[in-house]
Amino acid sequence: MTGWYDASATLRAFAAATPDYPTSALYRALCQGIAHGSYAEREAFESLAARGWPVVGAADVDLLLRAVHYTVLQRRGRDELAHYYASAGGRLQPDARAQQLFVEFLRDHRTLLLDTRLLPREANDPEPGWRMLNVLATYAEGAPMQLDLLNVHARAGVEVVTDLVGRPAGGSLLSPHRVVRRRGFDPAPQRLADPRLRDWLIAHCPPDDAERWDRIHEAVDRAMALEVVVGQGDAIGVAQRLRPADGAVPVVFGSDLQAQLPLLEAAIRSRTGRTIWLVDDHAPYLSQISSDPKLARLDDQARVTLLREYLDGQVVGSLWGADWVVGGWMALRGSEEGVA
């Protein structure tokens, strides 16, 4: 017992996190149960806090849920808690027993949970890639093109194959256009060959959101089948050195670039010829590169996918779509003000 840990902060954190999981009955039940429970869980959370992992905000709750999910997957169903995790083969619906087992899991596997902090902080969720290529497919309605896909901030590279996910063999979200090359670059590439990585990617979505983790499994399988290799390189340098395949339109795309967006936009604008650029990030970051008032009015938590087509540095086309987090993709869609 440390004597200083404020257990009430943990209860408030779980209460605040509850709305963050609209697709997960399990996570909502765990958050609500712990938030409205007694201080019986104090010891488990106090022990984590004493080792440098205090749970005092909704983001801390998310990290902890992710760590537990990953550890359940890694232990391959050896724990009773796994019976509530559909991603690990569980079939039970959430109940009071799930909350008890969750807290016991924190206590019994504390060291394994702390070890997850050594894993990559960013997951390679294919969802942003699907959104970006969806916007590209909508924008590029017309004469078939050859596309040279370049994914920056690519992590493990699963975003670059998301046009194939959920499609029959030979099918693509981007048809009738033809992808002639798929490449990825990242300052610290993640390797799909690492057996831990798939579980870590799955752990970033709720264990009972089967549709989402099915897409992750398929995206990883597709990337491995195509032998996608992510090279080492930063987004700005890669965009400046880009040499597209002969006759192909270069498509540079990436998610969660945040503070790098203005520099990357400048690098894209400095290119000659035709370039299509897509970014996917939270609305406030997009305001760094767009003054469109419609985008400025979006909620800070909304995800925005923005496409721009450049010709010799000038914007000749634009399309954006907004995800309101709760309510589904493409709640809003339009072109930037003043751009075709």
Side-chain angles (χ1 to χ4, degrees), residues 1-119 123 196 198-214 216 326:
M1 306 288 281
T2 62
W4 56 267
Y5 178 60
D6 180 9
S8 63
T10 295
L11 305 187
R12 290 193 299 270
F14 275 93
T18 303
D20 294 343
Y21 305 106
T23 64
S24 176
L26 176 62
Y27 279 1
R28 290 197 307 275
L30 290 174
C31 287
Q32 290 169 352
I34 293 172
H36 297 104
S38 67
Y39 284 80
E41 295 93 358
R42 177 186 175 107
E43 184 179 358
F45 292 110
E46 186 176 51
S47 182
L48 285 174
R51 288 160 177 80
W53 196 340
V55 180
V56 294
D60 302 318
V61 172
D62 192 60
L63 288 173
L64 184 61
L65 292 172
R66 185 183 310 168
V68 171
H69 190 181
Y70 171 78
T71 307
V72 167
L73 292 171
Q74 284 280 290
R75 288 178 56 77
R76 300 295 183 256
R78 285 179 284 169
D79 305 280
E80 283 191 73
L81 182 62
H83 295 308
Y84 293 90
Y85 280 63
S87 56
R91 294 171 178 260
L92 296 182
Q93 295 300 308
D95 55 20
R97 176 69 172 155
Q99 179 185 336
Q100 178 187 344
L101 291 172
F102 181 84
V103 174
E104 290 176 0
F105 194 92
L106 299 183
R107 181 195 64 211
D108 296 341
H109 301 297
R110 184 171 53 235
T111 299
L112 292 176
L113 295 173
L114 292 168
D115 285 347
T116 63
R117 294 185 297 179
L118 301 176
L119 293 165
R196 300 172 303 169
R198 186 186 294 252
D199 282 349
W200 187 233
L201 300 184
I202 297 297
H204 280 69
C205 62
D208 48 351
D209 191 345
E211 182 178 350
R212 188 172 167 195
W213 46 258
D214 273 347
I216 294 175
V326 179

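What you see is a predicted model, and the numbers here were worked out from it, not measured in a lab.
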>> Between S47 and R110, do the side chains contain a donor N or O and an acceptor N or O under 3.5 Å apart?
In response: yes
> Can Y85 and L73 be said to form a side-chain contact (heavy atoms from CB on, under 4.5 Å), step by step?
Replying inline: CA-CA 9 Å; Y85 280 63; L73 292 171; over 6 Å; no
>> Quick check for you: to the nearest 0.5 Å, what is the distance between T111 atom OG1 and R51 atom CZ?
In response: 7.0 Å
> Stepwise, does the side-chain contact (heavy atoms from CB on, under 4.5 Å) test hold for L65 with H69?
Replying inline: CA-CA 6 Å; L65 292 172; H69 190 181; over 6 Å; no
> Nearest heavy-atom pair of R76 and D199: which atoms, and what distance?
Replying inline: NH1-OD2, 2.8 Å
>> Testing the basics here: between A16 and P19, what is the closest heavy-atom pair and its distance to 0.1 Å?
In response: O-CD, 3.3 Å
> About how many Å separate OH of Y27 and CG of D20, when rounded to the nearest 0.5 Å?
Replying inline: 12.0 Å
>> Side chains of R66 and L63, heavy atoms from C-beta outward: is any pair under 4.5 Å?
In response: yes
>> Contact between F14 and V55 at the side-chain level, heavy atoms closer than 4.5 Å - yes or no?
In response: yes
> In Å, rounded to the nearest 0.5 Å, how long is the span from CG of L101 to CG of L106?
Replying inline: 11.0 Å
> Is atom CZ of R196 surrounded by more than 12 heavy atoms (other residues, nucleotides or ligands) closer than 6.0 Å?
Replying inline: no
>> I need the T116 OG1 to L64 CG distance, nearest 0.5 Å.
In response: 8.5 Å
>> Quick check for you: to the nearest 0.5 Å, what is the distance between E80 atom CD and Q100 atom CD?
In response: 8.5 Å
> Which pair of heavy atoms, one from W53 and one from L114, lies closest together, and at what distance?
Replying inline: CE3-CD2, 3.6 Å
> Counting distance only, does the side-chain N/O of R78 pair as donor-acceptor with the main-chain N or O of R75 below 3.5 Å?
Replying inline: yes
>> Tell me the closest heavy-atom pair linking P206 and R212, and the distance in Å.
In response: CD-NH1, 3.9 Å
> How many angstroms lie between CH2 in W200 and CD in Q74, if you round to the nearest 0.5 Å?
Replying inline: 10.5 Å
> What are the two closest heavy atoms between C205 and W213, and how far apart are they?
Replying inline: SG-CB, 3.6 Å
> Tell me, do P207 and L26 make a side-chain contact under 4.5 Å, heavy atoms counted?
Replying inline: yes
> Are the charged groups of R28 and D208 less than 4.0 angstrom apart, N to O?
Replying inline: no
> Donor-acceptor pair, D95 side chain versus A98 backbone, under 3.5 Å?
Replying inline: yes
>> Using every non-hydrogen atom in the two residues, find where A13 and G57 come nearest and quote the distance to one decimal.
In response: CB-N, 3.5 Å
>> Quick check: do P94 and L30 have side-chain heavy atoms less than 4.5 Å from each other?
In response: no
> L81 and V68: side-chain contact (heavy atoms from CB on, under 4.5 Å), yes or no, with the steps?
Replying inline: CA-CA 10 Å; L81 182 62; V68 171; 3.9 Å; yes
> When you measure from the side chain of H109 to the backbone N and O of F105, does any donor-acceptor pair fall under 3.5 Å?
Replying inline: no
